[in-house]
Amino acid sequence: MANLRSNINGIVAVVGLLAICGAETAHAQAKGDGYVQVIKSAVVEFDAGNWAEARVLFEQAHSLRPSARTLRGMGMTSFEMKEYVRAEKELNASLVDLRSPLAEAQRHEVLALLLRLERYIGKLIVHTRPANANPTITLDGSKVEAEMKVELGRHELSVQAPGYRPINRAVSIEGGKTQTMELTLTPLDLDA
């Protein structure tokens with residue numbers, strides 16, 4: 001009797017899930033926005049290991065109908081593309097987005113992937129002196145904050161401030177670790 005009740009509950013859950021998916025599909029088709037086809041194509045590309053193509057398609061799906069599930073797809077694709085900082089942002093966003101929220105199994109999968117990501121991301125903190133120099137900090141040519149998450153490996157750091165000599169440094173980031181850099185800016189010699 002307990003097995004029968006368990007089987008019936010399982011069947012009811014599956015029928016309910018199919019009804020919800022069917023309703024979403026019907027809604028999407030009625031809207032004519034192409035969301036369902038884009039998602040199907042994204043999943044096919046992801047399963048084939050075509051990360052760049054999957055990424056573009058998940059982004060298209062997200063622009064059509066933003067949701068936790070499209071963020072998850074984007075984050076998983078970013079992970080496979082070894083864009084770990086981006087993947088972390090997208091996967092964390094998928095956990096809190098209330099639009100088409102993740103199923104429990106998807107949440108567990110995202111949490112496991114976030115744990116794996118910790119090995120591939122480090123933290124870099126840049127302190128500059130004098131404190132009032134108002135420097136611009138760039139990492140690999142992109143402007144960044146003085147405290148940032150960075151993918152492991154070698155990076156080029158540049159610090160510039162008006163009236164001071166620029167500083168350029170190579171920085172090696174280790175996954176799961178925080179690196180702090182103390183840099184002192186040297187005033188330009190105005191008499192030269």
Side chain proximity check, [X] to [Y], heavy atoms < 4.5 angstrom:
| X | Y | value |
| --- | --- | --- |
| I173 | E151 | no |
| Q60 | L57 | yes |
| E88 | E118 | no |
| E109 | L113 | no |
| V126 | M148 | yes |
| R55 | M74 | yes |
| L157 | H155 | no |

Can you sort out the partners of A161 under side-chain contact (heavy atoms from CB on, under 4.5 Å), two or more places apart, ordered by chain and number? A133, P135, Y164, L185

Quick check: does any side chain N or O of [X] sit under 3.5 Å from a backbone N or O of [Y], one acting as donor and the other as acceptor?
| X | Y | value |
| --- | --- | --- |
| R107 | L95 | yes |
| Q106 | A103 | yes |
| R69 | P101 | yes |

In Å and rounded to the nearest 0.5 Å, what is the [atom1] to [atom2] distance from [X] to [Y]?
| X | Y | atom1 | atom2 | result |
| --- | --- | --- | --- | --- |
| D97 | L102 | CG | CG | 8.5 Å |
| T77 | E90 | OG1 | CD | 8.5 Å |
| Y35 | R65 | OH | CZ | 5.5 Å |
| S158 | D140 | OG | CG | 11.0 Å |
| E147 | H127 | CD | NE2 | 7.5 Å |
| T178 | L124 | OG1 | CG | 9.5 Å |

Linking I/L/V/M/F/W/Y whenever any side-chain heavy atoms sit under 4.5 Å apart, do [X] and [Y] land together?
| X | Y | value |
| --- | --- | --- |
| V38 | F58 | yes |
| V44 | M76 | no |
| I125 | L183 | no |
| F46 | V56 | no |
| Y120 | V150 | no |

So which atom in [X] and which in [Y] form the shortest heavy-atom distance, rounded to 0.1 Å?
| X | Y | result |
| --- | --- | --- |
| S100 | S67 | CB-CB, 3.6 Å |
| V85 | K149 | CG2-O, 3.8 Å |
| L152 | E174 | CB-C, 4.4 Å |
| E45 | A54 | CB-N, 3.8 Å |
| A61 | I39 | CB-CD1, 3.5 Å |
| S172 | Q179 | O-OE1, 2.8 Å |

Can you confirm whether E145 is buried at CD, in the sense that more than 12 heavy atoms of other residues, nucleotides or ligands lie under 6.0 Å from that atom? no

For the CG atom on L115, are there more than 12 heavy atoms of other groups (residues, nucleotides or ligands in this structure) within a distance under 6.0 Å? yes

Classify the angle between the aromatic ring planes of F79 and Y84 as parallel (below 30°), tilted (30 to 60°) or perpendicular (above 60°). perpendicular

May I have the step-by-step check of side chain to side chain contact (heavy atoms under 4.5 Å, CB included) for N168 and E156, ending in yes or no? CA-CA 7 Å; N168 297 301; E156 295 299 321; 5.8 Å; no

Taking side-chain hydrogen bond (donor to acceptor under 3.5 Å, both in side chains) as the test, write out the residues that go with R165, two or more places apart. none

